[in-house]
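To start, the structure under review is shown below, and the notes come after it.
Keep in mind that this is a model prediction, so the values were computed, not measured. Along the sequence shown, the residues carry numbers beginning at 1.
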Amino acid sequence: MSGMNQTDVPPVLVTGATGRVGRLVVGQLLDAGVPVRALTRRSGAAVTLPAKAEMFTGDLTVPESLDPALSGAGAVFLVWTAPPRTAEAVVERLATHVRRVVFLSSPHRTPHPFFRQPNPMAVLHAGIERLIAATGLESTTLRPGMFASNSLAWWAPAIRAGEVVRWPYGAAETAPVDDRDIAAVAARTICHDGYAGGDYVLTGPESLTQAAQVDAIGDALGRRIPFEEMTPDEFRSLWEGAAPSSAVDMLLAAWGAAVGQPAYVSTAVADILGTPPRTLRQWATDHATVFTKDS
Ligand SMILES: NC(=O)c1ccc[n+]([C@@H]2O[C@H](COP(=O)([O-])OP(=O)(O)OC[C@H]3O[C@@H](n4cnc5c(N)ncnc54)[C@H](OP(=O)(O)O)[C@@H]3O)[C@@H](O)[C@H]2O)c1
């Protein structure tokens, strides 16, 4: 694929198409005139994606279920949140059918303490990267840091209820990246030449403590949101049953390591898109309704 807006481009299979990033990648590709195949395990009725996206049912844990979606596709946007067991068989299948893969990974190679803590997801990502590298696929690795949209699950419920945001490691600094910027980079690197072999750490434009991030959301909403520090143990017990303990421990370790030092900030979004990454305040302004009571 040498550029967008071509009528003869083979379709791109978007995995994770119902998820945060994949859904936006579907939109970006369609806007650019690229035919999209959207993968989901769900029944069609349960999925709200643009009608122009061709829906395919498939499951990464059942590699052969991907064949109809892969047959005739030119590239794949790969999001892996499934267990690792079938990754090898799936990557082999991708290599049989398509030329390009853009993989949504994480910045586990970045030498910043935040990214160097024990992290089962990073182990999974590294394994998939190795599998992809062992094929002849043209690949691009995208390594976003913290998604701006994490605050939807983390802080929006308290903000909507008009309560104090209670959170551990308020002084930990991260550089939240807008999901729309991740998706725009994904679409660009899928559809334009020059990104094969590319490996990009994607961050937002600024290092902000978690407490300052809550302030930025408050600025976007036009009101002050009170923030209160919570102990890591309290956080563990609050999230017990709601999130895997390995994910909770991973976050606590990363935040703990990020106190007192600026977050890693990259120029990759601006380099690839030609526009600066969106700020968290911009993200919050554009998602303000999610933080208001009536939403
Ligand atoms: N959150 C962060 O701050 C952050 C930072 C860096 C990297 N990441 C990485 O980003 C990825 C998650 O992206 P996201 O937040 O956009 O995803 P998400 O919103 O969690 O959605 C997960 C997607 O994966 C699909 N899926 C799950 N299991 C599947 C399976 N067995 N077969 C096929 N599809 C399956 C789901 O589709 P259906 O349910 O429709 O089948 C859904 O579309 C993870 O790899 C995560 O490690 C996240």
Side-chain angles (χ1 to χ4, degrees), residues 16 18-23 41-42 60-61 79-84 104-108 110 112-126 143-179 182 203-204 207-218 220-221 225-261 263-264 280 283-284 287 290-293 295:
T18 60
R20 286 184 282 179
V21 176
R23 174 180 297 278
R41 295 164 300 170
R42 310 176 201 183
L60 294 168
T61 66
V79 178
W80 196 289
T81 57
L104 185 66
S105 183
S106 53
H108 56 83
T110 299
H112 183 289
F114 183 81
F115 298 121
R116 304 313 293 250
Q117 304 309 308
N119 183 342
M121 195 51 89
V123 173
L124 169 69
H125 289 155
R143 304 181 184 279
M146 279 292 178
F147 293 1
S149 63
N150 289 342
S151 60
L152 296 174
W154 293 352
W155 304 327
I159 294 171
R160 268 198 300 271
E163 293 168 359
V164 174
V165 170
R166 303 190 67 247
W167 205 248
Y169 296 112
E173 299 195 32
T174 62
V177 56
D178 192 309
D179 309 34
I182 304 170
T203 72
S207 173
L208 293 170
T209 66
Q210 298 200 91
Q213 292 172 32
V214 173
D215 282 345
I217 295 170
L221 301 181
I225 300 166
F227 182 93
E228 208 176 278
E229 188 80 15
M230 165 194 283
T231 67
D233 278 346
E234 214 181 326
F235 184 75
R236 269 192 199 92
S237 37
L238 264 179
W239 284 83
E240 204 177 332
S245 61
S246 59
V248 170
D249 286 342
M250 179 265 284
L251 283 170
L252 287 170
W255 289 325
V259 172
Q261 52 191 319
Y264 181 83
L280 181 65
W283 178 89
H287 294 81
V290 185
F291 293 96
T292 59
K293 258 191 173 150
S295 67

Is the closest side-chain heavy-atom distance between [X] and [Y] below 4.5 Å?
X	Y	value
H108	M121	no
D215	T209	no
S149	W283	yes
M146	F114	yes
T61	P83	yes
R116	T110	no
V79	V21	no

Can you give me the closest heavy-atom contact between [X] and [Y], atom names plus distance?
X	Y	result
L124	P84	CD1-CB, 3.4 Å
P118	M250	O-CG, 3.6 Å
D249	R236	OD1-NE, 2.9 Å
A148	D178	CB-CA, 4.1 Å
M230	L238	CE-CD1, 3.1 Å
Q117	A257	NE2-CB, 3.3 Å

Name the atoms and distances for all side-chain donor-acceptor pairs under 3.5 Å in residues 165-175, with sequence neighbours left out.
{"unit_1": "R166", "atom_1": "NE", "unit_2": "E228", "atom_2": "OE2", "d": "3.0"}
{"unit_1": "R166", "atom_1": "NH1", "unit_2": "E234", "atom_2": "OE2", "d": "2.8"}
{"unit_1": "R166", "atom_1": "NH2", "unit_2": "E234", "atom_2": "OE2", "d": "3.1"}
{"unit_1": "W167", "atom_1": "NE1", "unit_2": "Q210", "atom_2": "OE1", "d": "3.1"}
{"unit_1": "E173", "atom_1": "OE1", "unit_2": "S207", "atom_2": "OG", "d": "2.5"}
{"unit_1": "T174", "atom_1": "OG1", "unit_2": "Q213", "atom_2": "NE2", "d": "2.7"}

Between [atom1] on residue [X] and [atom2] on residue [Y], distance to nearest 0.5 Å:
X	Y	atom1	atom2	value
H112	Q261	NE2	CD	4.5 Å
W155	I225	CH2	CD1	9.5 Å
W80	L60	CH2	CG	4.5 Å
L221	I159	CG	CD1	6.5 Å

message: Quick one: does any side-chain atom of W154 pair with a main-chain N or O of P157 as donor and acceptor, under 3.5 Å?
response: no

- prompt: Is the closest side-chain donor-acceptor distance between R42 and T18 under 3.5 Å?
  reply: yes

